Amino acid sequence: MKRSVILYIKDMTDMRLRSIEKKDIDDLRIWKNENKSRFFYKQEITPDEQSKWYQGYMHREKDYIFIVEIKVGDTWEKIGCLGFRVVEGNIDLYNIIRGRRTEDRSSMREAMHILLAYISARYSYPIKCDVLVDNPAVEWYNKCGFSIKECRGDYYIMVFEKDMVTLPDVDEEEI
């Protein structure tokens with residue numbers, strides 16, 4: 001069974017990353033469909049397909065997706081998601097989606113830094129992501145500490161350069 005956790009920075013009480021739950025899969029599907037031009041899989045995802053994906057995801061032990069939440073008043077609101085999986089001696093980031101824009105445009109970057117700190121504390125593998133060449137988020141990945149390692153036709157392999165950013169100290173609690 002997958003462990004469910006919340007990741008956060010001790011001094012930052014208005015943002016957290018929470019392991020996805022079944023209740024999140026429709027948001028993930030909607031966000032992915034709204035942004036499908038920026039991903040390798042460009043087909044519309046149906047609720048049935050998303051449900052089957054989630055069932056498979058729950059059985060993949062080295063595959064993790066977090067909902068990015070910000071605190072608004074007394075409630076936590078979902079603004080996006082970030083995922084990673086351990087594949088062949090690498091950490092592969094995927095399903096990096098801004099679900100909705102916030103007034104604070106840096107919030108997804110802060111969320112990425114929480115995830116990178118969490119990964120870096122647990123794994124010694126290189127951290128990478130594949131990003132389509134025409135994806136405007138390439139610049140955003142640069143701001144998060146990634147650089148282009150290689151171009152493979154229509155996508156870049158981007159790697160995280162730990163010395164480019166200062167990562168926060170991240171805490172976790174089981175839920």
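If you read the sequence from its start, that first residue is 1, and numbering goes on from there. Given the structure is predicted, the values throughout are model-derived calculations rather than measurements.
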Check: residues 112-126 side-chain donor-acceptor pairs under 3.5 Å, at least two apart:
{"residue": "His113", "atom": "NE2", "partner": "Cys144", "partner atom": "O", "Å": "3.2"}
{"residue": "Ser120", "atom": "OG", "partner": "Leu116", "partner atom": "O", "Å": "2.8"}
{"residue": "Arg122", "atom": "NE", "partner": "Glu172", "partner atom": "OE2", "Å": "3.4"}
{"residue": "Arg122", "atom": "NH1", "partner": "Tyr118", "partner atom": "O", "Å": "3.1"}
{"residue": "Arg122", "atom": "NH2", "partner": "Glu172", "partner atom": "OE2", "Å": "2.3"}

Apply salt bridge (Lys or Arg N to Asp or Glu O under 4.0 Å) to [X] and list each qualifying residue two or more places apart in sequence or on a separate chain.
| X | answer |
| --- | --- |
| Glu49 | none |
| Asp14 | none |
| Lys128 | Asp92, Asp130 |
| Lys42 | none |

Should Glu150 and Arg152 count as an ion pair when the cut-off is N to O under 4.0 Å?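 Yes, Glu150 and Arg152 are salt-bridged.
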
Considering residues at least two apart in sequence or located in another chain, which fulfil the side chain to side chain contact (heavy atoms under 4.5 Å, CB included) criterion with Lys52?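 Side chain to side chain contact (heavy atoms under 4.5 Å, CB included) check on Lys52 returns nothing, list empty.
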
Quick one: list whatever passes side chain to side chain contact (heavy atoms under 4.5 Å, CB included) with Glu139, sequence neighbours left out.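 Expected list: Asn142, Lys143.
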
Cluster partners of Phe40, using ILVMFWY side-chain heavy atoms under 4.5 angstrom, listed by chain and number? Leu132, Tyr155, Ile157

Any chance you could pull the hydrophobic cluster mates of Val87, using side-chain heavy atoms under 4.5 angstrom and chaining through other members?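 Taking Ile, Leu, Val, Met, Phe, Trp and Tyr as members, Val87 stands alone, with no cluster partners.
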
Could you tell me which residues satisfy ring-ring contact (aromatic ring centres under 6.0 Å, His included) with Tyr64, sequence neighbours excluded, listed by chain and number? Phe84

State which residues pass ring-ring contact (aromatic ring centres under 6.0 Å, His included) with Trp76; sequence neighbours excluded, sorted by chain then number. none

Once salt bridge (Lys or Arg N to Asp or Glu O under 4.0 Å) is applied, what residue pairs with a partner in residues 156-169 remain, sequence neighbours excluded? none

